[in-house]
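One structure below.
When reading the values below, keep in mind they use all heavy atoms of this one structure, side chains included, and skip hydrogens, waters and symmetry mates. Every chain is numbered from 1 and lettered A, B, ... according to where its sequence line falls, protein lines coming before strand lines.
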2 protein chains.
Amino acid sequence: MDRLLQGVTIKINDKLFVKNPESSELGKRIIEISIQMINEMGFENFTFKKLGLKIGSNESSIYRYFENKHKLLLYLTSWYWGWMEYQMVFATNSIKSSKEKLLKAILIMTREVKEDSAFSHINEVLLNKIVINEYSKSYLTKEVDAENKEGFYIIYKRLIGRLGEMITEVDSDYQYPTSLASTILENGLHQHFLKEHFPSLTDCNDKVTPTQYLTHLVFNTLNKEIDE
Amino acid sequence: MDRLLQGVTIKINDKLFVKNPESSELGKRIIEISIQMINEMGFENFTFKKLGLKIGSNESSIYRYFENKHKLLLYLTSWYWGWMEYQMVFATNSIKSSKEKLLKAILIMTREVKEDSAFSHINEVLLNKIVINEYSKSYLTKEVDAENKEGFYIIYKRLIGRLGEMITEVDSDYQYPTSLASTILENGLHQHFLKEHFPSLTDCNDKVTPTQYLTHLVFNTLNKEIDE
DNA sequence: CAAATATAATAGTATTACTATCATACTATA
DNA sequence: TATAGTATGATAGTAATACTATTATATTTG
């Protein structure tokens, strides 16, 4: 993503924080170190107390930025999807062929993030891992409908919308563009998880990427009719 | 599923419990009521204390059956996948055509469970909902590799193995049978979730089922080559 | 009937997920 | 430069969670 990102800021729903973490050094440190810690110990074991200890700050100070760790997770994952959206729009913008466009979008959405942009306090490599391991937990809750109404998932929804449109552009007769878009995003993460923890449940490995699998799936499905 | 299930017991890894809940009335009540409660309040809000209160038993008594609620969830979901496996094997056993076989298997794995078999203390309708809403949480943990080694996911893995084999029988040239099998199971659950909570992220609704979407996806993918 | 086993009752601990209060330091402006 | 406002830190406290331990009582079985 090179230098362009320097000037780009990702707009996050401001109901997700009490005080904008971008507005102070402490705020940025909260983001930076929480990404590291959630990665290391997992979301369940991560607490604001531990975070405070590690950043040499006070638990109560962290609560001035985020109501609870669930909102922090929503903040982090929203940032991630916003970053994905930016990359997708930027990279597909100039492509004329709708097939090439979709191909590129799938690549961006399903590839493993391997380089940290290093322009901000946000480590995208680790954030990608957090999304793989923790994203489902942000919506598999009893509060999901209320939080959806509050707009906490809006970036993710917009992203799937865009991907769905690209699918339709490739095949306007295809009946399940939105479901397929959801499948790409969600199963993209899942195949990465399987590769790491359940290699016997996936064909993805060092040589075969989730991107290849999903690209093959999508392009074998579109512009085809079932014939017996 | 009718009367056949009466005689069938699903074998669960006995490391998942301290004392087999099938071995006593209290154990069965723990299973029965925990299914209800996890459904109502969600896994996060569910505790052994609340369960004890509801079944008029003691928190400490429940700990004599399950070490913690995570193991209980693994027990319940293992049971579910065992039940799925039973249905799948039973229903596909006599089918000669490999296409028909796969079709049937996909139907069984991705349909919404609407009827409780009523032969046991286990309500399959509610259990299906639990699996949709909570299953990911059982493996998205830092302990997943250790627990996988202990065999806690063995039924699920066997099920995906079987489904993968059926895919290969339909198309022996297809390169991603295992990934596709994983996608069917996991995305089957996910499409049900989306239908309920994020209707704008799926094409599934009252008329279109996740089964239809996934069946279409699978059969449009198999026995096809990408051609430009 | 005694012994073994299952369950219940009670208490206690460390940790979590906060909330509240007060002190202090730093910052912006009149 | 004094002062008011804002940010952070320190400390304390609460209710709930996720257990463990102990003892009592009830039930089953040999």
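At the heavy-atom level, A/Lys49 lies nowhere under 4.0 Å from the strands shown. At a threshold of 4.0 angstrom between heavy atoms, the contacts of A/Ser57 are confined to the sugar-phosphate backbone, with no base atom among them. Across all strands shown, A/Tyr65 has heavy atoms under 4.0 Å from sugar-phosphate atoms exclusively, and none from any base. If you check every strand for non-hydrogen atoms under 4.0 Å, A/Ser61 touches a base. In this structure, B/Glu59 reaches the bases: a heavy-atom distance under 4.0 Å links it to at least one base atom across the strands shown. As judged by a 4.0 angstrom heavy-atom cut-off over every strand, B/Phe48 is placed among residues making no nucleic acid contact.
No donor-acceptor pair closer than 3.5 Å links the side chain of B/Lys54 to the backbone N or O of B/Met37. Without hydrogens or angle criteria, B/Lys149 side chain to B/Val144 main chain gives no donor-acceptor distance under 3.5 Å.
Judged by distance alone, the side chains of B/Asn128 and B/Glu112 never bring a donor and an acceptor atom under 3.5 Å apart.
The nearest whole Å value for the distance from the OH atom in A/Tyr63 to the P atom in D/dG13 is 18 Å. When the P atom of D/dA18 is taken as reference, atom CZ of B/Phe43 falls 9 Å away, rounded to whole Å. Separating the CZ atom of B/Phe46 from the P atom of D/dC19 is a distance of 12 Å, rounded to the nearest angstrom. Rounded to a whole Å, the CZ atom of A/Arg29 is 13 Å from the P atom of D/dT8. As rounded to whole Å, 11 Å separates atom P of D/dA10 from atom CG of A/Leu53. Spacing between atom CD of A/Glu44 and atom P of C/dT15 amounts to 18 Å, rounded to whole angstrom units. Here the P atom of nucleotide D/dA7 and the NZ atom of A/Lys28 are 15 Å apart, to the nearest Å. Atoms CD1 (A/Ile55) and P (D/dA10) sit 12 Å apart, rounded to a whole Å.
Place A/Arg64 and A/Thr47 on DNA chain C by their nearest nucleotides, and A/Thr47 ends up nearer the 5' end. Between A/Asn58 and A/Asn45, it is A/Asn45 whose nearest contact on DNA chain C lies nearer the 5' terminus.
Aromatic ring centroids of B/Trp81 and B/Tyr153 lie 6.0 Å or more apart.
Taking CD1 from A/Ile130 and CZ from A/Phe46, the interatomic distance works out to 8.5 Å, rounded to the nearest 0.5 Å.
At least one cation-pi condition fails for A/Lys69 and A/Phe48: the charged atom is not both under 6.0 angstrom from the six-membered ring centre and inside a 45 degree cone around its axis.
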Between B/Tyr213 and A/Tyr176, does the ring pair (Phe, Tyr, Trp, His ring centres under 6.0 Å) criterion hold? Intermediate values first, please.
CA-CA 7 Å; B/Tyr213 160 60; A/Tyr176 314 102; 5.4 Å; yes

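Listed by residue number, the members of residues 15-26 of chain B with any heavy atom below 4.0 angstrom from DNA chain C are B/Lys19, B/Ser24, B/Leu26.
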